[in-house]
Structures are given as structure tokens and as C-alpha cells.
Amino acid sequence: MSEIVVCKDLGDLSLRVAAEFVSLARASVESAGRFTVCLSGGSTPAALYRLLASAAFAAKVPWDKCHFFWGDERCVPPDHPESNYALARAALLSKVAVPQSQVYRMPGEKPPDLAALRYEATLRTFFNLRAGSYPRFDLILLGLGADGHTASLFPGSEALAVRDRCVVAPYVESLKAHRLTLTLAVINRAANVFFLVSGAEKAEILARVLEPSDENSLPAARVKPEQGRLVWFVDEAAAAKIER
């Protein structure tokens, strides 16, 4: 079962997620000595990142014990304006005391298949994974596209069926480009998965994704953590068409 937290607006949504972020970071550091989180791109999480870097929250997070990864990335250099890494660095990572050695970006400037293999190797080394096993992130942040995609798992993509890889580089026909993305095998192993959804333009697709049907094939509807918590943080505009 998933939780749905309806927030007044993007500011309220960001405040609630920031509070959860702080709580999870502290609890993870206390129990395991570190906090592992996957970031996402887009304007909605960017508001969260700026808030976490603000005076109200920055001092509450044990940044020196945080390890940052990405759920997906465009195949661009790290300083490119479309880079998810560049967004997170500008809004958050360059403003808080996170050791650069604890920031693990996807190498979007490399050839797509090589970049996917290298990031998979990064994950397997960091988490000390055996063959056939997957990382368990403390938190994965996700967004929702107007077509129901999440991370870079798009409707109809062969990547949705991958169960033997952590990272793949599917070609997205609608974008005429490759993307790097974690697989559902990884996402559904996370301890916590937070969707951040804001804006009236997301209302229709959010209602479709949340339809309680086993036949719901939209990528975001396939996010179902096996032994973790799934929370949808949505603002009033995005929640306009869901049953409450």
C-alpha cells in the first residue's frame, strides 16, 4: 500500500518532504552510519533542494554522512543545463558540507551503454553487492511525467522488463535520445520511495497512475517497494482528480 500526502502547494510539499528527509537522514546515520539517497531532476525536486540548503534545514542534516546518487540522467556532460546532476549541484550540493567523494553522479558524457555499465559498477562497489543482488537505498526521490514515466522508465520501454541489471541506457523514441536510469529492480528494493508531484498539468496522469488495478501498466504504477515505504507527496492542484 502507498501513502498519499496532499499538500497545499509546492512550498508546503517541499517543507513536508524536507522534514521527512531530515528525519530519515538522522535515523539512517544513527542505525547504519550513513544515509544513501537517489536524487531526481525537475522543477519540483529543485524547490526541495533549495529548501534543504537553506538556513532552516541545512544545519539539521548530517551531510558528512550522506551519500548522493541519481535515479536517472540525460546523456549530457555534468555542466550541461539539462543535467540532473548540474541542477542538484547548483541548488543543493554546492551549498552544503557534502564531501565530493560522497557524490556519485551518472557519467552522462560517456557513451550510453558504457555509462550504464560504469554506474552499475559504482553501485556494486559501494554497496558491496554479490552477483544477482541489488542495492537498497535509504531513500529514492522520483517525479512523474505527463505520460506516466518515472526516472527514465517510459511507457513501452524494454527497460521496464529488465530484472538482471541495476542501470540501463534505453533509447527513448519520443525524445530521440538515450537516457540513463535505474531499473525497477533497484527502485523496488528501496527502504523509502517518495514521489513528488506538483501542478494541475499532472492531475489526470496522477489519477490514472493511482488507479488500483493490477493491469495498470504505466511505469510509475509499477513502483511498488517490496519491503519499503511508498509515499506520494502531491499538491492540491495535482490531486484534483484523485479520490480522497
Side-chain angles (χ1 to χ4, degrees), residues 1-8 10-42 44-72 84-85 87-89 91-99 101-106 122-123 126-129 134-144 150-151 166 182 184-198 220 223-235:
M1 287 291 293
S2 62
E3 303 171 47
I4 302 174
V5 178
V6 180
C7 310
K8 181 179 179 181
L10 179 57
D12 182 36
L13 184 157
S14 300
L15 280 168
R16 294 196 191 198
V17 179
E20 287 273 2
F21 186 101
V22 170
S23 179
L24 286 176
R26 288 180 167 180
S28 296
V29 169
E30 183 176 346
S31 64
R34 70 187 188 192
F35 178 54
T36 57
V37 56
C38 266
L39 303 180
S40 63
T44 303
L48 167 66
Y49 302 157
R50 288 190 292 271
L51 186 59
L52 287 171
S54 71
F57 282 92
K60 299 178 181 179
V61 180
W63 298 109
D64 61 326
K65 299 293 193 301
C66 293
H67 296 260
F68 289 92
F69 299 81
W70 274 260
D72 74 320
N84 288 342
Y85 164 78
L87 180 149
R89 176 170 174 74
L92 173 63
L93 301 177
S94 64
K95 302 180 185 304
V96 295
V98 178
S101 61
Q102 292 171 200
V103 175
Y104 309 85
R105 69 175 184 85
M106 288 180 162
T122 295
L123 296 183
F126 179 87
F127 287 97
N128 193 26
L129 299 178
Y134 301 97
R136 182 170 174 80
F137 286 99
D138 296 312
L139 173 62
I140 294 180
L141 299 176
L142 294 174
L144 175 66
T150 192
C166 295
L182 297 183
L184 285 172
V186 174
I187 294 171
N188 285 333
R189 281 274 298 158
N192 296 274
V193 178
F194 291 175
F195 273 94
L196 281 57
V197 188
S198 176
V223 175
K224 299 176 180 178
E226 297 157 8
Q227 296 180 338
R229 179 180 173 219
L230 172 62
V231 187
W232 291 82
F233 291 91
V234 303
D235 67 9

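Keep in mind the model is a prediction, meaning the values are calculated, not measured.
Among residues two or more places apart in sequence or in another chain, the side chain to side chain contact (heavy atoms under 4.5 Å, CB included) test is passed with Arg16 by Val5, Cys7, Asp12, Phe233. Partners of Thr150 according to the side-chain hydrogen bond (donor to acceptor under 3.5 Å, both in side chains) rule, which considers only residues two or more places apart in sequence or in another chain, do not exist here. Every residue two or more places apart in sequence or in another chain was checked for a side chain to side chain contact (heavy atoms under 4.5 Å, CB included) with Ser23, and none qualifies.
Between Pro45 and Leu196, the closest heavy-atom pair is CA-CD2, 4.1 Å. Closest approach of Ser94 to Arg89, counting heavy atoms only: OG-O, 2.7 Å. Annotation for Leu52 and Leu92: closest pair CB-CD1, 3.9 Å, computed over non-hydrogen atoms.
No close placement of the Phe57 and Phe21 rings is indicated, their centers lying 6.0 Å or farther apart. In this structure, Phe35 has its ring center no closer than 6.0 Å to that of His67. Close placement of the Tyr104 and Phe126 rings is indicated, their centers lying within 6.0 Å of each other.
A distance of 8.5 Å separates SG in Cys38 from CG in Leu141, rounded to the nearest 0.5 Å.
Trp70 is listed as a side-chain neighbour of Arg105, based on a closest heavy-atom distance under 4.5 Å.
Side chain of Asn192 to main chain of Arg229: no donor-acceptor pair is present (N/O by atom type, distance under 3.5 Å, no hydrogens or angles). No donor-acceptor distance shorter than 3.5 angstrom exists from the side chain of Trp232 to the backbone of Val197, with no hydrogens or angles considered.
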Requested in this report: Take Cys166 and Val186 through the side chain to side chain contact (heavy atoms under 4.5 Å, CB included) test and state the conclusion after the steps.
Outcome: CA-CA 6 Å; Cys166 295; Val186 174; 3.7 Å; yes
